[in-house]
Enquirer: 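My questions will all concern the structure given below.
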Amino acid sequence: MRQKIVAGNWKMNKNMEDGQALTSEIVNMVGDELRDDVKIVLCPPFVYLTALKGIVKENKHISLGAQNCNEHASGAYTGEIAAPMLTAIGVQYVILGHSERRELFGESNELLAKKINIALEHSLTPIFCCGEPLQIREQNTQEDYVGKQIQAGLFHLSPEAFSKIVVAYEPIWAIGTGKTASTDQAQEMHATIRKQITEKYGEDIANNTAILYGGSVKPDNAEELFSCMDVDGGLVGGASLKSRDFVDIAKAFQSSR
Ligand code: PGA
């Protein structure tokens with residue numbers, strides 16, 4: 001059975017006080033409202049992780065994730081955060097290869113492959129993001145484009161290592177734009193990604209890999225997206241900043257699968 005995951009990517013938003021309040025609200029809601037097999041991952045800015053760990057504690061529904069990590073375990077890399085630092089404070093997930101990191105900070109597939117390795121070495125679960133820009137979608141070459149991202153970022157892994165990966169498909173044209181991929185577009189790409197994983201690692205591993213959809217996921221479209229056979233949850237930006245919206249998205253599994 002694939003894990004159902006709703007991850008909240010806060011990006012560079014919220015001050016400490018508001019972040020703590022948001023987390024407390026989410027903790028209070030999930031106990032009563034969430035299906036047992038649904039996991040929430042909160043990915044705040046680095047500097048709030050320790051404080052939020054104190055609020056989340058060992059909640060069975062909620063884990064913490066970072067939005068990035070460096071490709072080295074330690075050293076002279078001013079301003080960077082290393083994977084073992086995250087593990088040591090109780091962080092379990094790390095988003096890698098978000099399109100904003102790729103586009104604004106020049107992260108290449110080659111660099112991301114190294115980040116994936118270091119994250120796994122230090123027991124973090126990578127949420128590996130892939131997705132095409134608008135011009136690629138307009139040329140209808142998204143399968144090839146995303147396939148290359150996945151091959152270059154992940155397919156060097158052993159089957160055992162790959163089985164720890166969570167994939168997030170995020171069409172760039174749908175991020176923060178209010179435009180969501182249609183359920184057909186999402187399902188089609190998720191099925192393609194799963195097929196590529198099957199070809200490389202076999203059916204068992206592919207069937208157990210959680211593939212999240214990201215790009216303007218909201219309470220009113222989550223149920224439809226999560227009802228797609230190959231969509232195992234969401235990576236949520238804007239709507240993760242409001243507790244009610246975020247928990248409602250996580251609850252969308254309730255009535256679907
Ligand atoms: P959005 O962001 O939900 O605001 O579109 C998603 C993301 O960037 O992960």
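Numbers here simply count residues along the sequence, with the first being 1. Just follow the structure's listing: the first ligand is 1, and inside any ligand the first atom is 1. On a predicted model such as this, the values are computed, not experimentally measured, just so you know.
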Enquirer: Establish, from distance only, whether the side-chain atoms of N140 and Q142 form a donor-acceptor pair under 3.5 Å.
Expert: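 Q142 and N140 do have a side-chain donor-acceptor pair below 3.5 Å.
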Enquirer: Can you confirm, on distance only, whether ligand 1 has an N/O atom lying under 3.5 Å from any N/O atom belonging to K11?
Expert: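 It does: an N or O of K11 is found under 3.5 Å from an N or O of ligand 1.
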Enquirer: Using a strict threshold of under 4.0 Å (side-chain N to carboxylate O), is an ion pair present between E58 and K53?
Expert: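 Salt bridge present between K53 and E58.
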Enquirer: Side-chain contact, heavy-atom cut-off 4.5 Å: L154 with Q151?
Expert: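 Contact flag for L154/Q151 side chains = no.
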Enquirer: Which word best sums up how the rings of W10 and Y48 line up, parallel for under 30°, tilted for 30 to 60°, or perpendicular for over 60°?
Expert: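 Geometry flag for Y48 against W10: tilted rings.
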Enquirer: Taking all non-hydrogen atoms of both residues into account, name the closest pair between V231 and Y213 and its distance.
Expert: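 For V231 and Y213, the tightest heavy-atom pair comes out as CG1-CB, 4.0 Å.
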Enquirer: For ligand 1, which atoms, with element, lie under 4.0 Å from some heavy atom of H98?
Expert: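 By the 4.0 Å cutoff, the relevant atoms are 7 (C), 8 (O), 9 (O).
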Enquirer: Side chains of N117 and H156 only: does a donor on one sit below 3.5 Å from an acceptor on the other?
Expert: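 Per modelled atom types, N117 and H156 side chains form a pair under 3.5 Å.
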Enquirer: Under a 4.0 Å heavy-atom limit, does N9 contact ligand 1 with its side chain, its backbone, both, or neither?
Expert: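 The answer is the side chain.
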Enquirer: Please verify the inter-ring angle class for F162 with F155; under 30° counts as parallel, over 60° as perpendicular, anything in between as tilted.
Expert: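 Geometry flag for F155 against F162: perpendicular rings.
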Enquirer: For atom 7 (C) of ligand 1, what's the nearest protein heavy-atom neighbour? Residue, atom name and distance, please.
Expert: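 Nearest neighbour among protein heavy atoms for atom 7 (C) of ligand 1, to 0.1 Å: E170 OE2, 3.2 Å.
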Enquirer: Identify the two heavy atoms, one from E170 and one from C129, that lie closest to each other, and give their separation to 0.1 Å.
Expert: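 Scanning both residues completely, I find the closest heavy atoms to be OE1-SG, 4.1 Å.
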Enquirer: Please verify whether a non-hydrogen atom of A174 lies at under 4.0 Å from ligand 1.
Expert: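 Heavy atoms of A174 do come under 4.0 Å of ligand 1.
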Enquirer: When you compare ligand 1 with G237, is there at least one nitrogen or oxygen pair between them that comes in under 3.5 angstrom?
Expert: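 Between G237 and ligand 1 (N or O atoms, distance only) the closest approach is under 3.5 Å.
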Enquirer: Just let me know how A168 lines up against ligand 1, side chain, backbone, both or neither, with a heavy-atom cut-off below 4.0 Å.
Expert: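 Neither part.
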Enquirer: Applying a strict 4.0 Å limit to heavy atoms, is A239 in contact with ligand 1?
Expert: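 So A239 does not count as touching ligand 1.
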Enquirer: For ligand 1, which atoms sit closer than 4.0 Å to a heavy atom of G215?
Expert: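 Once the distances to G215 are compared, the set is 5 (O).
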Enquirer: Please check whether S216 reaches ligand 1 - meaning an N/O of the residue sits under 3.5 Å from an N/O of the ligand, judged on distance alone.
Expert: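 Yes, S216 has an N/O under 3.5 Å of an N/O on ligand 1.
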Enquirer: Ligand 1 and G176, any nitrogen or oxygen pair closer than 3.5 angstrom?
Expert: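 Right, the criterion is met.
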Enquirer: Would you mind listing which atoms of ligand 1 come within a distance below 4.0 Å of any non-hydrogen atom of G238?
Expert: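 Counting atoms of ligand 1 from 1, those under 4.0 Å from G238 are 1 (P), 3 (O), 4 (O).
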